[in-house]
Structure formats: structure tokens, C-alpha cells
Amino acid sequence: MRDCALSGPLYYQENTLAGILFIISAPSGSGKSTLVNHLRSLLTGLEFSVSYTTRKPRGTERPDKEYHYVSRDRFQEMKDRGEFLESAEVFGNYYGTACQSLADAQAAGNDLLLDIDVQGAAQVRERVPDAVSIFVLPPTPEILKERLRHRSIAEGKLDEAEIGRRLAKARGEIENYRQYRYILINDILEDAVEALTAIVITERALRHGAPPDPETARMMQLADKCRQGNSSDRLYGVLSSFGLLDMHATRA
Ligand code: ADP
Ligand code: 5GP
């Protein structure tokens, strides 16, 4: 396996004609997996990177589908061998993206989507400056709590302590939103799915450089509204609900 954990940027797009690297991050429970599943059913040419994790499967999750589930020892071995593009500890478990995912997507000429946390996203941006990063936000803390509870119930066990931990962490994660190229507020699901699809189609069109057809032009307008800096009004409301307005006001 290629060792991609050594220092220095990888310049994923520039050195090859292979696809775009998309990074998507969000506070847990924002609806990122739901959005990604819809996106994958709508678009071809987009691979999803299955991460390695030391956490146990949850609900209906299956080995090697949602994650590759490994022991802590195995994870550390992989890390020591430089097999991860990035890795991080999240909620007491380790998560990592295998270099092999990139190699496979490059070989197939596909785009690759990484669903990773803010720490991992920062590592990838260093290594792959051209990566397209998307941050998904829930509309309010109350809605985030509701979604976390809903998922917990659907998985057959309501774990209020775990929900509390994830809610408490959300605010700190949201503080990183400025590091991302696009901000996507997941309020009405179908609107958010369309906006996410628009972002991927837009980035593909921009790389191609060909004049867009009318539908692509419409998608580009939609994506433009999610660009960092263009989403101020709605973003203002979300940041306010999470008590992060000062940060927005002082750094805008
Ligand atoms: P994440 O991957 O960000 O942790 P999930 O995709 O598992 O979050 O979504 C958390 C819960 O919220 C799930 O029960 C999902 O069905 C629900 N959900 C996701 N998006 C929406 C939405 N736009 N409106 C209502 N419920 C949603
Ligand atoms: P969950 O356990 O709820 O599936 O994921 C918890 C968090 O870990 C989410 O924020 C998710 O994006 C993140 N995550 C999943 N896979 C990876 C990975 O490979 N690397 C990093 N850094 N984070 C990951």
C-alpha cells in the first residue's frame, strides 16, 4: 500500500487527471450521513471512502459498508505503517481514512467523498490543497438534539448521556465553519440534498471549464449561495442559536 502519511502535500488533482476530493464535516446528528446517502443515489462517479474505526457497529451498520471496524491495536499498527491519509480521536474512538481509498478512486478516475470530523478535515486540507470542503450545519441546537434522539431511538437504545456529549461538542465543532469552502444548512431535507448535489455538479463543471448548460448554470447559482461568505443571513441565525454570534460579528 502506498504510504501517504508522510509530510508534504499530495496535490491530488494536479498530478493526475483523476477526480475531485470532497470533504464533508458536521456536528454529529446534523444529517450528514442522510445527505451523503441521497447524494450517492443521485450521482455517479463519486466514491465514498469507508473509514477505519475502533468504535463498535451501531444500529443496522454492517462491517465494511459504513466502516471497517478494527481493534485499537490494529488501528495503531496501520497508523504506524503510514496507511492513513488522516486520523483522529472522536468521542473516545479512533477514526482514519486509508490512503488506499484515494489510490482506488484515482485509479478508477472517480471523485472521492470523505465524511470526516473537523480535525481530520484540517489534516486533509494540508495534504490536498485542492480538496473541496463542505460543512453541514443543523438549523438550531433544539433540532440537533431532536435528530440525535430520533436516531438513538431508531437504533433501539436511547442514550441520553451520549446525546448530551454530542450536543456539547457541537458548538466547538461549528466554530471551525470558516475553514470550509461551502456551508450547507440542513433544514428541509430535500433542499439540502439539492444544494449538496449542486455543489458537486458545480465543482465538476468548474474543473471541466466548459460553458454550462442551463441546468448546470442553475445548479451553479444554487451552490454559490452556499459558498463561504455568501450564506451570511441564514448562517447568522444558526450561529445565534448556538450562541456563537460574537465570533461571527467580530471575525466577519
Ligand atoms: P449524522 O450523519 O450527521 O450524524 P444522520 O444522517 O445520522 O446524522 O441524521 C441524524 C438524524 O436526523 C437521523 O434520524 C436522520 O433521519 C435525521 N435527519 C437528517 N436530516 C434531516 C432533515 N433535514 N430533517 C429531519 N430529519 C433529518
Ligand atoms: P460516527 O461514530 O457518529 O459515525 O462518527 C463520529 C464522527 O467521526 C463524525 O464526525 C464523522 O464524520 C467522524 N469520522 C468518521 N470517519 C472518520 C475518519 O475516517 N476520520 C476522521 N477524522 N473522522 C471520521
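Starting from 1, each residue takes its place in the sequence as its number. Both ligands and their constituent atoms are indexed starting at 1 by order of listing. Keep in mind that what you see is a predicted model, and the values were worked out from it rather than measured.
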>> Taking Arg58 first and then Glu162, would you say they form a salt bridge - that is, a charged N and a carboxylate O separated by under 4.0 Å?
In response: no
> Who's closest to atom 18 (C) of ligand 2 heavy-atom-wise, of Ser25, Ala121, Ser30, Ser51?
Replying inline: Ser51
>> Quick check: do Met78 and Tyr94 have side-chain heavy atoms less than 4.5 Å from each other?
In response: no
>> For Asp187, which part has a heavy atom under 4.0 Å from ligand 1: side chain, backbone, both, or neither?
In response: backbone
> Is the shortest N/O to N/O distance between Asp115 and ligand 2 below 3.5 Å?
Replying inline: yes
Donor-acceptor pairs under 3.5 angstrom involving side-chain atoms of residues 187-194: please list them, not counting sequence neighbours.
from: Glu194; atom 1: OE2; to: Arg218; atom 2: NH1; distance (Å): 3.3
from: Glu194; atom 1: OE2; to: Arg218; atom 2: NH2; distance (Å): 2.8

> Do any nitrogen or oxygen atoms of Lys32 lie less than 3.5 angstrom from nitrogen or oxygen atoms of ligand 2?
Replying inline: yes
>> Using a 4.0 Å cutoff against the non-hydrogen atoms of Ser33, which atoms of ligand 1 qualify?
In response: 1 (P), 2 (O), 6 (O)
>> Heavy-atom pairs closer than 4.0 Å: do any link ligand 2 to the side chain of Glu86, the backbone, both, or neither?
In response: side chain
> Which of these, Tyr67, Phe91, Tyr52, has its nearest heavy atom closest to atom 5 (O) of ligand 2?
Replying inline: Tyr67
> Does any N or O atom in Ala26 lie less than 3.5 angstrom from one in ligand 1, N or O only?
Replying inline: no
> Quick one: does Gly29 get an N or O within less than 3.5 Å of an N or O on ligand 1?
Replying inline: yes
> side-chain contact (heavy atoms from CB on, under 4.5 Å) with Val70: which residues, sequence neighbours excluded?
Replying inline: Tyr52, Arg74, Phe75
> Within the side chain of Thr53, is there an N or O that forms a donor-acceptor pair under 3.5 Å with the backbone of Tyr95?
Replying inline: no
>> To check your reading of the model: name the closest protein heavy atom to atom 16 (O) of ligand 1, its residue, and the distance in Å.
In response: Thr34 OG1, 4.1 Å
